[in-house]
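Quick note: numbers below take in every heavy atom, side chains included, and nothing from hydrogens, waters or symmetry partners.
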Amino acid sequence: MNHHSADSDYAAAGFGQGLQPGPRPALLMIDFARAYFAAGSPLYAGVESTRDAAAQVLAVARATRVPVFHTRVEYQPG
């Protein structure tokens, strides 16, 4: 029986290497809620540079007609 380490198994599967875009890329924007970027919000995260970088990526995706998907969280009363 041949035993492999987890590291060699992951390496053989391509983990730890760069990813090339596929033929149909899409942009997934996860949890970009205004509350994280509004200084008066209790959820304010102080990550304006992240917001600015994401806005640039989003603009390029829209300009090149790459599909964009946004997630959102909705809460029920209680």
> With sequence neighbours excluded, what pairs up with Phe69 under the ring pair (Phe, Tyr, Trp, His ring centres under 6.0 Å) test?
Replying inline: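 Expected list: none.
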> Partners of Gln76 by side chain to side chain donor-acceptor pair (under 3.5 Å), sequence neighbours excluded?
Replying inline: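 Expected list: none.
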Could you give the side-chain donor-acceptor pairs of residues 55-68 under 3.5 Å, partners two or more places apart or in another chain?
{"unit_1": "Thr64", "atom_1": "OG1", "unit_2": "Val60", "atom_2": "O", "d": "2.7"}
{"unit_1": "Thr64", "atom_1": "OG1", "unit_2": "Ala61", "atom_2": "O", "d": "3.4"}

>> Suppose the criterion is salt bridge (charged side-chain N to carboxylate O under 4.0 Å, His left out): which pairs have a residue in residues 67-77, not counting sequence neighbours?
In response: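 Output for this query lists Arg72-Glu74.
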I'd like a table of donor-acceptor pairs (distance under 3.5 Å, sequence neighbours excluded) in which one partner is a side-chain atom from residues 25-47, with atom names and distances.
{"unit_1": "Ser41", "atom_1": "OG", "unit_2": "Ala35", "atom_2": "O", "d": "3.1"}
{"unit_1": "Ser41", "atom_1": "OG", "unit_2": "Leu43", "atom_2": "N", "d": "3.0"}
{"unit_1": "Tyr44", "atom_1": "OH", "unit_2": "Glu48", "atom_2": "OE1", "d": "3.3"}
{"unit_1": "Tyr44", "atom_1": "OH", "unit_2": "Glu48", "atom_2": "OE2", "d": "2.7"}

